[in-house]
Amino acid sequence: MDDLRICNKLAEIEGHETLPLDEYQEGDFYIVIDNHGEGYNPLKDDALCFQLMIKYCIELKCYPNKKGVYQYYVSGGSFDNGCDNPNKAICLAILEIYK
């Protein structure tokens, strides 16, 4: 799943109105929400990602033998998505909850 789709799905989960994906142009970094032009991108916004991590009780761990690869824990379950980006691992964990 590409970054734009991840951010769009998370914005929808959080109850924000989003533009249709085909209205974004390549290179857009933020999802526009609520028709106010506000940016929403937990992949780039560490504070927002941290708030989501707390809200959804995501626990993030690094593999001891694989530098920079993260695994996440949700409600007692462990999921390995092989992410080398902690923000993306957190976002994918939230999407896993809402599958």
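Numbers here simply count residues along the sequence, with the first being 1.
Summarising the geometry, atom CG belonging to Leu92 is positioned 11.0 Å from atom CG belonging to Asn87; distances are rounded to the nearest 0.5 Å. With rounding to the nearest 0.5 Å, the separation of SG in Cys91 from CG in Leu48 is 7.5 Å. Atom CD of residue Gln51 and atom CD1 of residue Ile90 lie 12.0 Å apart, to the nearest 0.5 angstrom.
With sequence neighbours excluded, the residues satisfying side-chain contact (heavy atoms from CB on, under 4.5 Å) with Asp3 are Ile6, Leu43, Lys88. Among residues two or more places apart in sequence or in another chain, the side-chain contact (heavy atoms from CB on, under 4.5 Å) test is passed with Glu14 by His16, Tyr40, Leu52, Lys55, Tyr56.
One hydrophobic cluster, built from ILVMFWY side chains closer than 4.5 Å, cannot hold both Ile94 and Ile54; they sit in different ones.
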